[in-house]
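Chain letters run A, B, ... following the sequence lines, proteins first and then strands; every chain starts at 1.
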Amino acid sequence: MRLDQLGDFQRTHRNGDLRLDHAGQTVRLLGWCRRVRNLGSLVFLDLRDRWGLVQLVANEETADPQLLAKLKAVRSEFVLAAEGVVAGRESRNPNMATGDVEIRLTGLRILNTAAPLPFPLEDEGVGEDLRLTYRFLDLRREELQRNMVLRSEVANLTRNHFRELDFIEFETPILTKSTPEGARDYLVPSRVHAGEFFALPQSPQLFKQLLQVSGFERYVQICRCFRDEDLRADRQPEFTQVDVEMSFVRQEDIQGVIEPLMVKVSKLVGKDVLTPFPRLPYREAMEWYGSDKPDLRCAIKIQDVTAPFATSGFNLFRAAADSQGQRRVRALFFPGEAAGLLSRKALDGYQDQAKQMGAGGLPYAKWGKDGLSSSFKKFLDAAAEAALKDHFRVEGEGLAIFAVGTDTQTSRILGDLRVKIATDLAATEKDPALSTLFHDKNTFAFLWVVDFPLLEWSEEHQRFIACHHPFTSPHPDDLDLLETNPGACRAVAYDLVLNGYELGGGSIRIHDAETQSRMFRIIGIGEAEARAKFGFLLDALSFGAPPHGGLALGLDRLVMLLAGKDNIREVIAFPKTSQARCLMTDAPSPVDERQLRELHLLPEAKQTYRVGAVFFESAEGGSPELRGQALQQIGQLTPRQAQGLVTFDAQGQILDTQTLSGPTFEF
RNA sequence: GGGGUUGUAGCUCAGUCGGUUAGAGUGCCAGCCUGUCACGCUGGAAGUCGCGGGUUCGAGCCCCGUCAGCCCCGCCA
């Protein structure tokens, strides 16, 4: 098809803006054809641009035959420039923002054609692999367009927010140094320095701290970070974080800067959020919610019910009571009608889930109209039954689900179950009143989890490792515990949590060299190693580093939650699959051997020489020494073998000979 | 590294107990159609049943392996 030129065509309006007020005006529009409806001598076409959709129309009476024929030749996703007069419609479409008007075509340029799309842009259920392969088409879909706009707005709002607070935006290196601890690094081989590597940053952590030492006091960066770990629905190997660092601050100061930002971005999607956000110590988060990122939309808390079973006939529970705190009985209690919504089948499902997490079973007690039914009722005497009912303050109906084990085991089982059940209950939507008790889709429940442990014992490494990172300041009240009981030492570290997702985390940092050295020592980094890896940091801390701290927010996750999605790929323009591939570009992919050699990633073994007329040409610029060896070797070859490529290893041994066509060369 | 799940026409899917010619809707192509807006009507083309191997007289269906997408555990300071 012969294409038209854009030429001097100028857009006069955005398609989505046209209303009856524009009637009679001649307008010039641009965009893509969403669909043609050809009724014979009357043709409709929906023209889409970034801002909306408007209907074009032409018929035999109003348009000349050439124009009509051209319009009929248009297919879906053709790129068009249209000129026409705005007019009210004979039959209006209330489902469309521009449904009261249509454009009576007076001119049409076909700027480009389009092959039939591999998938329809309107359908929801298209396979994600296909969408990712043709991501540039997927991004034409209204929802992804909306998500990208939202993402852009969040980024802008964030920049403005920090700018108003006198923050300075920095760019820190992408090619940087590999750091121990933490996630696996993406490595970049150095061509100039054989055998040495850059690492892509897992975060600009040390740079932003050094900028505090430099005296900038308020740092912000919206930066890409890289972690070579396995993916999840909310995790990509490269992701964007809002990185913040401030001098002369306490934890509350950082939180005080972030909270108003969260209020603003929530407002973008019509959500009102109250500040200050609740602060929940890590220990309480684990005790009540079994998670360090609790979803506070659900009001149900985990309860300790070890005591009511202390004298019970149910051995499993009584043994826990006798274990002096080693093992506990903990429970989730769902009061009232919520209990009735949980079917026996659902309970079986939860039990399977709990067993996968290492629970022996999932004992339950259900109070209904017929009194108590329970998986362990036969072990309970009247007194125990009464104690149980009294403990949960059961009035009418109720359901208790139990787990027995250590703190960690029961937290994991009941913490996961709490979220699962709340989600399921919310999905039933049988009673709007329940939404105050369980997951309310329309609520944003922010909170800070604070007082994280500084260190945790690693079975794998047989030493303590930093929970957050090794630059995190110990809690001033716990400094004495550092050497005596490291596991009990708290950190001045805090996570921002929204609806069960960790949105970000931060800490007050160590700002004196001595404490930093102490910290390295405790996590098993010796003085020499600390010097080699973090010498610049220790130096910096010794030249007047101010007290400082900060945090990093996951921008992708934030936008995901604002967009109401449960998958991070929906808010990233070009994401990777769960196997860390890009289906569109097919990265990662193999590279030429030549590239690998340049980067010193292949042994320098092979040297290939072409046997020419009277001289040897080295493809790799081999040393004179090697060339001499090669000559010697070739001298031992028969003339037939000598016509071609001869490959040697580093010791000058012949690895391969390859005969080439061409004039015969004789030694 | 481990577990679960999916893979059939361009797309979304159905396919019975293993049975001889693998279907539907949609999209695409062609024709007709003056008020459509998921236009309608008529006709047509369109398949490496992910790939490889095996069992069987016979495999889309059963078995083994493998690849890819998705979800989870481990991992992610």
What contact category does A:I465 fall into here, base, sugar-phosphate, or nothing, at under 4.0 angstrom with non-hydrogen atoms?
nothing
Euclidean distance for C1', B:U26 against B:A45 (whole angstrom)
15 Å
Student check: side-chain heavy atoms of A:V43 and A:N59 closer than 4.5 Å
no
Residue matched to B:C13 through Watson-Crick or wobble contacts both under 3.5 angstrom
B:G23
Whole-Å distance, A:D230 CG to B:G2 P, equals 11 Å
Quick one: label A:E102 by what it contacts on the DNA or RNA (base, sugar-phosphate, nothing), any heavy atom closer than 4.0 Å.
base
When every non-hydrogen atom of A:V126 is compared with those of A:R131, the smallest separation belongs to O-CD, 3.7 Å
Nearest-neighbour nucleotide for the A:R227 side chain, B:C76, B:C73, B:G35 considered:
B:C76
Quick one: are A:V101 and A:H22 in side-chain contact, heavy atoms under 4.5 Å?
no
Sticking with atom C1', work out how far B:C32 lies from B:C70, rounded to a whole angstrom.
45 Å
For B:A68, which nucleotide in any strand shown is its Watson-Crick or wobble partner with both distances under 3.5 Å?
B:U6
Give a yes/no answer on whether the side chain of A:R35 brings an N or O atom under 4.0 Å of OP1 or OP2 in B:C39.
yes
Once you round it to whole Å, what is the distance between P of B:G1 and CZ of A:R184?
10 Å
C1' gap between B:C13 and B:C73, integer Å:
31 Å
Just compare B:G35, B:C11, B:C37 and give me whichever is closest to any side-chain atom of A:M96.
B:C37
Within the pair A:R37 and B:C39, is there a side-chain N or O less than 4.0 Å away from OP1 or OP2?
yes
Assess the side chains of A:R330 and A:S411: does a donor N or O sit below 3.5 Å from an acceptor N or O?
yes
Any side-chain heavy atom of A:W448 within less than 4.5 Å of one from A:Q251?
no
Taking only the P atom of each, what is the distance from B:A59 to B:U55 in whole angstrom?
11 Å
Among B:C11, B:C33, B:C37, the nucleotide that comes nearest once only the side chain of A:F119 is considered
B:C11
Please state how far atom CG in A:N95 lies from atom C1' in B:U36, giving the value in whole angstrom units.
14 Å
Parallel, tilted or perpendicular: which fits the ring planes of A:H469 and A:F471, with parallel below 30° and perpendicular above 60°?
tilted
Got a sec: does the CZ of A:F464 have more than 12 other heavy atoms crowding it under 6.0 Å?
yes
Can you confirm whether A:E245 sits close enough to A:P204 that some side-chain heavy atom of one is under 4.5 Å from a side-chain heavy atom of the other?
no
A:Y134 OH to B:G27 C1', in whole Å, measures 15 Å
Protein heavy-atom contacts under 4.0 Å, written 5' to 3' over nucleotides 67-72 of chain B as B (base), S (sugar-phosphate only) or - (none), form the string --SBSS
Checking all strands, does A:R75 fall into the base, sugar-phosphate, or nothing category for heavy-atom contacts under 4.0 angstrom?
sugar-phosphate
Please report, rounded to the nearest Å, how far the C1' atom of B:A9 is from the CG atom of A:L130.
14 Å
Scanning all shown strands, the Watson-Crick or wobble mate of B:G43 with both distances under 3.5 Å is B:C29
Counting any heavy atom closer than 4.0 Å, what does A:S203 reach on the DNA or RNA strands: base, sugar-phosphate only, or nothing?
base
Checking side chain to side chain donor-acceptor pair (under 3.5 Å) against A:H548, which of A:H511, A:Q209, A:Q212, A:R509 comes through?
A:Q209
Identify the nucleotide, in any strand shown, that forms a Watson-Crick or G-U wobble pair with B:G60, with both distances under 3.5 Å; if there is none, say none.
none
If the C1' atom of B:C28 is compared with that of B:G47, how far apart are they to the nearest Å?
15 Å
Can you tell me how far P in B:G23 sits from the matching atom in B:G60, rounded to whole Å?
13 Å
CG of A:L39 versus P of B:C33: gap in Å, rounded?
11 Å
May I have the distance from A:R235 (atom CZ) to B:C73 (atom P), rounded to whole angstrom?
8 Å
May I ask you to verify whether the side chain of A:S41 and the base of B:C33 hold a donor-acceptor pair under 3.5 Å?
no
Does A:P120 or A:R104 map to a spot on RNA chain B nearer the 5' end, using the closest nucleotide for each?
A:P120
Sort out the partner of B:G74 for me: Watson-Crick or G-U wobble, both distances under 3.5 Å, none otherwise.
none
Are A:Y289 and A:D295 linked by a side-chain donor-acceptor pair shorter than 3.5 Å?
no
Heavy-atom nearest nucleotide on RNA chain B taken for A:P118 and for A:R412; more 5' hit belongs to A:P118
Just how far, in rounded Å, is P of B:C32 from CD of A:E60?
12 Å
Using atom C1' in both nucleotides, what's the gap between B:U56 and B:U12 to the nearest angstrom?
34 Å
Rounded to whole angstrom, note down the C1' distance from B:G43 over to B:G52.
41 Å
